[in-house]
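Below: one structure, written as structure tokens.
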Amino acid sequence: MYSGSPAEKRIALIPRVVVQGKMGLNEYALLVTDKRSILVLEKGSKSGIAGALGGAVGAAIANAAASRKSFDYETENPESFAINPKNVVIPHDSLELIQLKKAFLGPVFRMEVKYQAPNNKRKKIKGFLNPPGEHVKQKKQEGGDKKQIHYDYAKKVHDVYKQVLSPPRYETVVSSKM
């Protein structure tokens, strides 16, 4: 298991990545340090509850149960996020692929990450880079259009990995169709 060091530096926080889980959609924040990426579960889906309870009542209860967490990413030690089993830790040296491409419908970009887990199993995470509503609202007020806002959000992710990975590593790992 990876143990963080005091020298680990935060590089960026991508506030919202939506990933399909076993029970529905989960919202993560992507904390990128110089050594690893940590998907921090912000809002987990409880839609499995809806199915078990049925109908609108189940959906209302599930929606209430899907609570958003808020963390202080600036001051919190990355290791405290890494030890939470609900979060996903991906050491940068285990990355095999980061692919960014525009989704077929709408302005959203898809993100696929393939990596080698500590147990030598290959893992794959597929998600959507969906900027938070507050971000979209602010950018629209500044005159941005939805397509450009989503492109800029995906470009930020692309640029973060270009910054954090060595040039040869970046060339072998990152694939983007932007």
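Both backbone and side-chain heavy atoms feed into the values below; hydrogens, waters and symmetry mates do not.
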For this session: Could you name each residue pair satisfying side chain to side chain donor-acceptor pair (under 3.5 Å) that touches residues 130-151, not counting sequence neighbours?
Result: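 For residues 130-151, and leaving out neighbouring residues, the side chain to side chain donor-acceptor pair (under 3.5 Å) pairs sorted by first residue read Gln138-Glu142, Gln148-Asp152.
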Problem set entry | Where at least one partner belongs to residues 91-111, residue pairs that pass side chain to side chain donor-acceptor pair (under 3.5 Å), sequence neighbours excluded |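 Of all non-adjacent pairs touching residues 91-111, those that pass side chain to side chain donor-acceptor pair (under 3.5 Å) are Ser37-His92, Glu96-Arg122.
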Problem set entry | Among Leu100, Val157, Leu165, side-chain contact (heavy atoms from CB on, under 4.5 Å) partner for Val174 |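 Single pass found, and it is Leu165.
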Exercise. When Leu39 is tested against each of Asn87, Val113, Ile125 for side-chain contact (heavy atoms from CB on, under 4.5 Å), which residue passes?
Worked result: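 When Asn87, Val113, Ile125 are each tested with Leu39, the side-chain contact (heavy atoms from CB on, under 4.5 Å) holds only for Ile125.
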Exercise. Do Thr75 and Asp72 get their side chains close enough for a donor-acceptor pair, meaning under 3.5 Å?
Worked result: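 Yes, because at least one side-chain N or O of Thr75 sits under 3.5 Å from a partner of the opposite role on Asp72.
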Any donor-acceptor N/O pair, [X] side chain to [Y] backbone, under 3.5 Å:
{"X": "Arg169", "Y": "Leu95", "answer": "yes"}
{"X": "Arg16", "Y": "Ala29", "answer": "no"}
{"X": "Tyr28", "Y": "Val88", "answer": "no"}

Are [X] and [Y] joined in one hydrophobic group, where the rule is that I, L, V, M, F, W and Y side chains link up if heavy atoms are under 4.5 Å apart?
{"X": "Val173", "Y": "Ile11", "answer": "yes"}
{"X": "Val19", "Y": "Phe109", "answer": "yes"}
{"X": "Val40", "Y": "Leu13", "answer": "yes"}
{"X": "Leu129", "Y": "Ile149", "answer": "no"}

Exercise. So, Glu8 and Lys35, do they make that salt bridge, N to O below 4.0 Å?
Worked result: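 No, Glu8 and Lys35 are not salt-bridged.
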Problem set entry | Heavy-atom closest pair, residues Ala82 and Ile38 |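 It is CB-CD1, 4.2 Å.
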Exercise. What pair of heavy atoms forms the shortest contact from Val32 to Tyr161, and how long is it?
Worked result: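 Answer, listing the atom of Val32 first, then Tyr161: CG2-OH, 3.7 Å.
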So [Y] and [X], do their side chains get closer than 4.5 Å, heavy atoms only?
{"X": "Lys43", "Y": "Leu41", "result": "no"}
{"X": "Ser175", "Y": "Ile98", "result": "no"}
{"X": "Ile14", "Y": "Tyr153", "result": "yes"}

Exercise. For Glu171, what residues pass the salt bridge (charged side-chain N to carboxylate O under 4.0 Å, His left out) criterion, not counting sequence neighbours?
Worked result: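 Result, salt bridge (charged side-chain N to carboxylate O under 4.0 Å, His left out) vs Glu171: none returned.
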Problem set entry | All salt bridge (charged side-chain N to carboxylate O under 4.0 Å, His left out) counterparts of Lys155, not counting sequence neighbours |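 Asp159.
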For this session: Evaluate the ring pair (Phe, Tyr, Trp, His ring centres under 6.0 Å) criterion for residues His158 and Tyr170: first the C-alpha distance (whole Å), next the side-chain angles of each, then the deciding distance (0.1 Å), finally the verdict.
Result: CA-CA 10 Å; His158 181 268; Tyr170 170 83; 5.7 Å; yes
For this session: Could you identify which residues cluster with Phe104, counting Ile, Leu, Val, Met, Phe, Trp and Tyr as linked when any side-chain heavy atoms lie under 4.5 Å apart, either directly or through a chain of such contacts?
Result: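 Cluster partners of Phe104: Leu105.
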For this session: Apply side chain to side chain contact (heavy atoms under 4.5 Å, CB included) to Met111 and Phe128, showing your working.
Result: CA-CA 6 Å; Met111 179 178 185; Phe128 292 94; over 6 Å; no
Problem set entry | Sequence-distant partners of Lys121, side-chain contact (heavy atoms from CB on, under 4.5 Å), two or more places apart |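 Lys121 satisfies side-chain contact (heavy atoms from CB on, under 4.5 Å) with Asn119 once adjacent residues are dropped.
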